[in-house]
Amino acid sequence: MGHVDAVFMHTLVQAATLRLRSFTMPNLANMAWALATLGHNNAPFMGALVQAATLRLPGFSAQNLANAAWALAKMGHVDAVFIDALLEVAQSKIHYFNAQELADTVWALATLGRSNAAFMVALVQAATLRVPSFSAQNLANTAWALAKMGHVDTAFMRPLMQAATRRLRSFTGEDLANTAFKTQELANTAWALAKMGHVDAVFMDALLEVGQSKIHHFNAQELADTVWALATLGRSNAAFMAALVQAAMLRLPCFSAQNLANKAWALAKMGHVDTGFMRALVQAALRRLHAFTKQDLANTAWALATLGHNDAAFMDALLEVAKPKLLSFTAHGLASTAWAMATLGHDDAAFIGALLAAAKLRLPGFSAQNLANTVWALAKMGRGDAFFMGALVQAATPRLHAFTEQDLPKTAWALATLGHRDVAFMRALLAVSTPRLQSFTEQGLADTAWALATLGHNNETFMHTLLAAATPRLNSFTAQGLAEMVWALAILGYNKPTFIRALLAAATLRLPCFSTQNFANNAWALAKMGHVDAVFMDALLVKGQTKLPSFKPQELADTAWALATLGHNDAAFIVALVQAATLKLRRFSAQDLANTAWALAKMGHVDAVFMDALLVVAQPKLHCFQPQGLANTVWALATLGHNNAAFMGALLVVAKPKLHMLTDQGLTNTAWALATLGHNDPAFMGALLLVTEPRLSGFKPQALADTAWALATLGHNDATFMGSLLVVAKPKLPSFTAHGLASTAWALATLGYNDAFIRALLVAAKPKLRSFGLTELSQMRCAIIRLNIKDLEFVRLLAARHSQLG
């Protein structure tokens, strides 16, 4: 009847205490069972009862033993001595236990947390023979108990689940709701299978069918346990999940903190996205966050990130609760929390600082995946800490063999993103990666190549193996992957025409998916490698032109530089590029401005309005220009004929102390540009010549000719410098071009130099007169007249060439 009268029970227990020695063995067992069933827990009496029962255990029947164990478990009365004695007696009588007694006993042991291996083996052997007689409750309780104790016996679980399946399948149609399995038993059985990792597809399909018909009778705990089990086992179906979520929505106010965390984790594990339900779950969780354990907090953050459910207010609250608990987080909890924050883009510097402090203490316990996820998260958030990164890399090195084919490229990408260079670690990572490259994803291959290029870690043998793995799969690369790959090859100087042609063929198919960065990086990389593919570039520009308004400043500048370097001059595209750049000039870096000016000049694209705007932006940034950028800018202005005296004056002030950092070509181009623009600054030219003179021996013939021409044009006559220049130039005269010979002759005549060098120049010029154009003929005639040269044969040949040109 289950009727409890506290006064009566108290009186009864008092009376029984005095007579316990007279109780028979069934009396003792039945008394314990009755008190447990009525929920009347009297610890002193139970202690006395157990003491009396211990002496008589050998005479207990199977039912007495089972009832006694069940009662103690039900009341939470743990008496290790009694339980051990009970197990010894029960093991000797185990084959007399019926199905109910076996199930009750194993349930009791699991609840009390007491057992031993020998008894469990004997119990399972006995239960195997009784499985056909197990009720639904017996089956569920036995499975739950074995899972609770961690006693995994696959051979026993197979017949146990077959029996459970038969019970589930014996009810069909409208009888499903009346199946012998109660909702708690369904949930417990599912939980047990998941806990033991025992996958039984047939049983789970039957459970889903029956469970769906009863889903609205599940309480909050049962719903949470069931969905956790399904996620752990990787078994479910859309109809059941929809029904489960609908039922859970009604029960959310009853969910405990752990229920909420497990529910979120399970949905994320199964990839079941239901935005409406997640909003409601997050609101319920927000009210219970104070009750979340450290594992609940980490699992919930991970779940939100996995589902892409970004709720900034909730994350702020979650991190606030989590922060004081970080030191007690597990290694996995720390790593998954960091990963979740990065995935959601939820950056909190103070929290990350505290997380890294806790993580550093736990690094020895981090798994390979924990290490990979943590370093990836830090890179994604841009939160590199050199001290922590050093410790992380040290912890990761001996575990690299345990890194998966996803972890290895993820780690390489993260180190590159953070700029953390550790040559020894990268060598070890590549050694582990090389034999596994065929198993890398396409993005993994691209990320690895990108990382090596970013870190400047060039390993030709590894790259050869990587390209061999990538080649047959190029058509499966994403647009981003292809762009990263070609950019990496350019940075590493790994120019393999056959591979690049195959890559461009794949990239052509992906052009509609290219981002603005992909467009710019592809163009820049091809230019860097000097790989000319007009067909691909035409296709790239057609697709890229429509996106030019979205290009970032550097992307515009890099694209212009690439086109100029490749000599791919598309007037319509350049006009569109200049229009887009005009609107963004103020955000151009010094390097962007220099590259853009150089590119337009190289392609002969004259746009005075744009250049005026560029110089307005560039002038206050001149102090940020690199030496080569200054030289390229002044060369561009001269080439375009764009003369701005105020800008040139400011540029030379900045350039003068940096002259020693210019390349030989930079020095020549600067001199040539000043002459072309007619910008005469004697002090600057004097400084330029001082830097140039000791480097003349390394100048190429055209550089020598251009320098001489510049000095003559500017009227800057420096006898010492010219003497040095002529000494260097004389043995190189046979390598001068026709233009170089003519301009040098004109320069010497203009500066008044008439010596043996001129005679050597004429000797070098005679066989090249056929290459002289009208400009060169004019310069040479001017030199002959000014220097009063009497070489009649040369004069005759010069005249003949002039006649040929008309």
Task: Closest contact, heavy atoms only, M529 versus A490 - done: CG-CA, 3.7 Å
Task: Contact summary for A479 and F514, nearest pair of heavy atoms - done: CB-CD1, 3.4 Å
Open item on the list: Do T411 and F425 have side chains that approach each other closer than 4.5 Å (heavy atoms only, starting at C-beta)?
Closed with: yes
- [ ] Output, in order, the C-alpha distance, side-chain angles, deciding distance and verdict of side chain to side chain donor-acceptor pair (under 3.5 Å) for Q221 and S256.
- [x] CA-CA 8 Å; Q221 184 67 47; S256 68; 4.6 Å; no
Task: L361 vs L327 side-chain heavy atoms within contact, under 4.5 Å - done: yes
Open item on the list: Testing the basics here: between F277 and K263, what is the closest heavy-atom pair and its distance to 0.1 Å?
Closed with: CZ-CE, 3.6 Å
TODO: Would you indicate whether the side-chain heavy atoms of W413 and Q443 approach each other to under 4.5 Å?
DONE: no
Open item on the list: Counting C-beta onward and ignoring hydrogens, is there a side-chain heavy-atom pair between W376 and L415 closer than 4.5 Å?
Closed with: no
Open item on the list: Just checking K543: does its NZ atom have more than 12 heavy atoms from other residues, nucleotides or ligands closer to it than 6.0 angstrom?
Closed with: no
- [ ] In sequence, state the C-alpha distance, the side-chain angles, and the governing distance for F329 and L355, and then conclude on side chain to side chain contact (heavy atoms under 4.5 Å, CB included).
- [x] CA-CA 9 Å; F329 269 48; L355 185 145; over 6 Å; no
- [ ] Compare all side-chain heavy atoms of F203 with those of T189 and state whether any distance is below 4.5 angstrom.
- [x] yes
Task: Face-on cation placement of K496 at Y494 ring, 6.0 Å and 45° thresholds - done: yes
Open item on the list: Checking D407 against Q369: is there a side-chain donor and acceptor pair closer than 3.5 Å?
Closed with: no
TODO: For the pair D205 and R235, find out whether any cationic side-chain nitrogen is under 4.0 Å from an anionic carboxylate oxygen.
DONE: yes
Open item on the list: Is it the case that the side chain of E555 and the backbone of K552 share a donor-acceptor pair, with hydrogens and angles ignored and the cut-off at 3.5 Å?
Closed with: yes
Open item on the list: Please check this pair: side chain of D447 against backbone of G444, looking for a donor-acceptor N/O pair closer than 3.5 Å.
Closed with: no
- [ ] Could you tell me the separation between the CZ atom of R383 and the CE atom of M341, rounded to the nearest 0.5 Å?
- [x] 8.5 Å
Task: Sidechain-backbone polar pair: R288 side chain, L260 backbone, donor-acceptor under 3.5 Å - done: no
Task: K547 atom NZ, neighbour heavy-atom count above 12 within 6.0 Å - done: yes
- [ ] For residues P472 and A469, report the shortest heavy-atom separation together with the two atoms involved.
- [x] CD-O, 3.7 Å
TODO: For the residue pair L319 and M315, establish whether any side-chain heavy-atom pair is separated by less than 4.5 Å.
DONE: yes
Open item on the list: side chain to side chain contact (heavy atoms under 4.5 Å, CB included), that's the test. Do F314 and R279 meet it? Break it down for me.
Closed with: CA-CA 10 Å; F314 177 78; R279 274 199 296 266; over 6 Å; no
Task: Spacing of CG belonging to L244 relative to CG belonging to L267, to within rounding of 0.5 Å - done: 8.0 Å
TODO: Compare all side-chain heavy atoms of M485 with those of F499 and state whether any distance is below 4.5 angstrom.
DONE: yes
TODO: Using side chain to side chain contact (heavy atoms under 4.5 Å, CB included) as the criterion, point out the one residue from T417, I491, L445 that pairs with W450.
DONE: T417
- [ ] Spell out, as yes or no, whether a donor-acceptor pair under 3.5 Å connects the side chain of N458 to the backbone of L492.
- [x] yes
Open item on the list: So for atom CD, which belongs to Q212, do other residues, nucleotides or ligands contribute more than 12 heavy atoms lying within a distance under 6.0 Å?
Closed with: yes
Open item on the list: L371 vs F403, test: side chain to side chain contact (heavy atoms under 4.5 Å, CB included). Steps then yes/no.
Closed with: CA-CA 9 Å; L371 291 164; F403 277 49; 4.1 Å; yes
- [ ] Please round to the nearest 0.5 Å and tell me the distance separating atom OG1 of T448 and atom CZ of F462.
- [x] 5.5 Å
TODO: Measure from the side-chain N and O atoms of D316 to the backbone N and O of A313, and report whether any donor-acceptor pair falls under 3.5 Å.
DONE: no
TODO: Spell out, as yes or no, whether a donor-acceptor pair under 3.5 Å connects the side chain of N521 to the backbone of A483.
DONE: no
Open item on the list: Once rounded to the nearest 0.5 Å, what's the spacing between atom CG of D296 and atom OG1 of T293?
Closed with: 3.0 Å
TODO: Any chance you could measure S236, atom OG, to M204, atom CE, to the nearest 0.5 Å?
DONE: 8.0 Å
Open item on the list: I'd like to know if R501 and D533 make a salt bridge, using a cut-off of under 4.0 Å between side-chain N and carboxylate O.
Closed with: no
Task: Polar contact flag, side-chain donor to acceptor under 3.5 angstrom, T441-E405 - done: no
- [ ] Output all residues satisfying side chain to side chain contact (heavy atoms under 4.5 Å, CB included) with V199, sequence neighbours left out; order by chain, then residue number.
- [x] L233
Task: Closest approach of A229 to A190 (non-hydrogen atoms, all atoms of both residues) - done: CB-O, 3.2 Å
- [ ] Could you give me the CA-CA distance, side-chain angles and deciding distance for T374 and L334, then say whether side chain to side chain contact (heavy atoms under 4.5 Å, CB included) is met?
- [x] CA-CA 8 Å; T374 301; L334 292 166; over 6 Å; no
- [ ] Run through L467, L408, L466 and flag the one making a side chain to side chain contact (heavy atoms under 4.5 Å, CB included) with L437.
- [x] L466
Open item on the list: Can you confirm whether N459 sits close enough to M426 that some side-chain heavy atom of one is under 4.5 Å from a side-chain heavy atom of the other?
Closed with: no
Task: Pairwise distance NE2(H346) to CD1(I352) - rounded to 0.5 angstrom - done: 9.5 Å
Open item on the list: I'd like to know if the side chain of N310 and the backbone of L344 have a donor-acceptor N/O pair within less than 3.5 Å.
Closed with: yes
Open item on the list: Can you give me the closest heavy-atom contact between V321 and L289, atom names plus distance?
Closed with: CG1-O, 3.7 Å
